[in-house]
Amino acid sequence: MNVLEKAKAVIDGFDFNEEHIAKFNESAGTELSSESLKDYLKKWLLYYLIPELTAYDSEEEVQLGTTKLYGLPHLPDSMEFPEDMIFAGQFNLAEIKPHDIFNEVPKDSGIYYFFVDVNGVESEVFFYDGPVDDLKIREYPNGDEYESSKILNLTGKTEELYLQSEIIGWWIGAEEEYDAYDLATIIGADVLKRLEGLLQKEAGSFTLYDHLGSLPDEYFFGKPRYYQGEDGDTPDFYPGFFGFEPPWQEDCFLNLSVWQDKWSKKYFGDIEITC
């Protein structure tokens, strides 16, 4: 079993406090049960691939074709650096694929390159699946300065499970005035602590988070932190948000996504910025 399957097994076998759930149902006008709560928790148990970031002042020190943010792109001669664009990053699928427990990465090899314009409106995404030896460091066409490369190291222990600590009322059928609850309110703080400890013991790396607090800025997979329609259907691409500070505004999030069209079988990429 992978780490997510182990955690779901823990939830399935966990003994929740029925008395706390009954009291919550009485006060909130809900009809929660242990089984419905288990189903809910498993749905919001999220898996993230979290890299370690290392900055390099010189692009010459960076391994060609490695997964990284910013700096200069490593492009083959067949690809041009698009003018008036910021290089957001390159992502080597061979480095990411071993951690893809959902089998969502479209290919086992190749590199995706992401560029965005200074206005945060247009983007360019290129894909290359040739020899790494044919890659070259490519300077900005207009001689612009650029931020140092940040290597996304995926070789360490980077797989994490997160579970959102708040339960949104309308998801569990609560009345409108009961719009949000902490898990401890429903199952009791002592029970929640025991569940968290058991998940950490059986599933490895596990964190209870408040959605905007302990979740890191840079990650692959899981649930995007922000995007239009975030609470709608799950997107059919793998989302990875990266903290981004474009020239026009600070504290933005950059969603870099790739997917395969189910009809044409072609691969596409896109960038979405939320500030």
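Quick caveat: nothing in here was measured; it's all calculated off a predicted structure.
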**Q.** Candidate pair D77 and K136, rule salt bridge (Lys or Arg N to Asp or Glu O under 4.0 Å), full reasoning
**A.** CA-CA 8 Å; D77 290 335; K136 298 176 182 177; 3.2 Å; yes
Q. What is the minimum heavy-atom distance between D57 and S148, and which atoms define it?
A. OD1-OG, 3.8 Å
(Q) More than 12 heavy atoms of other residues, nucleotides or ligands under 6.0 Å from CD of E61: yes or no? (A) yes
Q) Do the side chains of I86 and V62 join up, straight or via other hydrophobic residues, at under 4.5 Å, putting them in one cluster? A) no
Q. Using the benzene-type ring in the case of Trp, are the ring centres of Y113 and Y128 under 6.0 Å apart?
A. no
Q.
I need the L135 CG to L75 CG distance, nearest 0.5 Å.
A. 7.5 Å
Q.
Could you report the tightest heavy-atom contact between A7 and L161, atom names first, then the distance?
A. CB-CD1, 3.5 Å
Q.
In terms of relative ring orientation, are Y112 and F127 parallel, tilted or perpendicular, with 30° and 60° separating the classes?
A. tilted
Q) Side chains of D100 and F220: closer than 4.5 Å at any heavy-atom pair? A) no
Q | From CA spacing to verdict: side chain to side chain contact (heavy atoms under 4.5 Å, CB included), F91, V105 | A | CA-CA 11 Å; F91 301 89; V105 174; over 6 Å; no
**Q.** Spatial distance of atom OH (Y48) from atom CD (E160) [nearest 0.5 Å]
**A.** 11.5 Å
Q) Same cluster or not: are I151 and F114 linked, directly or through other Ile, Leu, Val, Met, Phe, Trp or Tyr residues, by side-chain heavy atoms under 4.5 angstrom apart? A) no
Q: Without swapping roles, check the side chain of T67 against the backbone of N92 for a donor-acceptor pair under 3.5 Å.
A: yes
Q: Enter the distance from L49:CG to L152:CG here, rounded to the nearest 0.5 Å.
A: 9.0 Å
(Q) Using side chain to side chain contact (heavy atoms under 4.5 Å, CB included), reason through I137 and H74 one step at a time and then give a plain yes or no. (A) CA-CA 5 Å; I137 298 172; H74 304 164; 3.9 Å; yes
Q. Could you go step by step and tell me if F16 and F14 meet the ring pair (Phe, Tyr, Trp, His ring centres under 6.0 Å) rule?
A. CA-CA 6 Å; F16 285 97; F14 190 77; 4.9 Å; yes
Q.
Is the shortest side-chain heavy-atom distance between Y162 and I50 below 4.5 Å?
A. yes
Q. What distance do K6 atom NZ and M1 atom CE have between them, rounded to the nearest 0.5 Å?
A. 6.5 Å
Q: Taking only Lys NZ, Arg NE, NH1 and NH2, and the carboxylate oxygens of Asp or Glu, determine whether E5 and K8 approach each other closer than 4.0 Å.
A: no
Q | Q63 CD to S149 OG distance, which is reported to the nearest 0.5 Å | A | 12.5 Å
Distance-only donor-acceptor pairs under 3.5 Å for side chains of residues 184-199, two or more places apart:
unit_1	atom_1	unit_2	atom_2	d
T185	OG1	D182	O	3.4
R194	NH2	D15	O	3.4

Q | Criterion side chain to side chain contact (heavy atoms under 4.5 Å, CB included) on E83 and N142, from CA distance to verdict | A | CA-CA 7 Å; E83 292 192 15; N142 52 9; over 6 Å; no
Q: State, yes or no, whether a side-chain contact exists between N2 and E159 at a heavy-atom distance under 4.5 Å.
A: no
**Q.** Parallel, tilted or perpendicular: rings of F87 and F115 (30°, 60°)
**A.** tilted
Q: Check whether any side-chain heavy atom of H99 sits under 4.5 Å from a side-chain heavy atom of Y47, and report yes or no.
A: yes
Q. Is there a donor-acceptor contact under 3.5 Å from the side chain of E31 to the main chain of N25?
A. no
Q) Salt bridge or not for E95 and K68, using N-O below 4.0 Å? A) no
Q | F126 side chain near I111 side chain, heavy-atom distance below 4.5 Å | A | no
Q: Please check if Y140 and Y56 belong to a single hydrophobic cluster, counting links between Ile, Leu, Val, Met, Phe, Trp and Tyr side chain heavy atoms closer than 4.5 Å.
A: no
Q. Does a side chain donor of either N103 or K97 reach within less than 3.5 Å of an acceptor in the other side chain?
A. yes
Q.
I'd like to know whether L41 forms a side chain to side chain contact (heavy atoms under 4.5 Å, CB included) with K38, so could you lay out the CA-CA distance, the side-chain angles of the two residues, the decisive distance to 0.1 Å, and finally the verdict.
A. CA-CA 5 Å; L41 293 179; K38 288 176 182 180; 5.9 Å; no
Q: Supply the atom-to-atom distance L32 CG to H20 NE2, rounded to the nearest 0.5 angstrom.
A: 14.0 Å
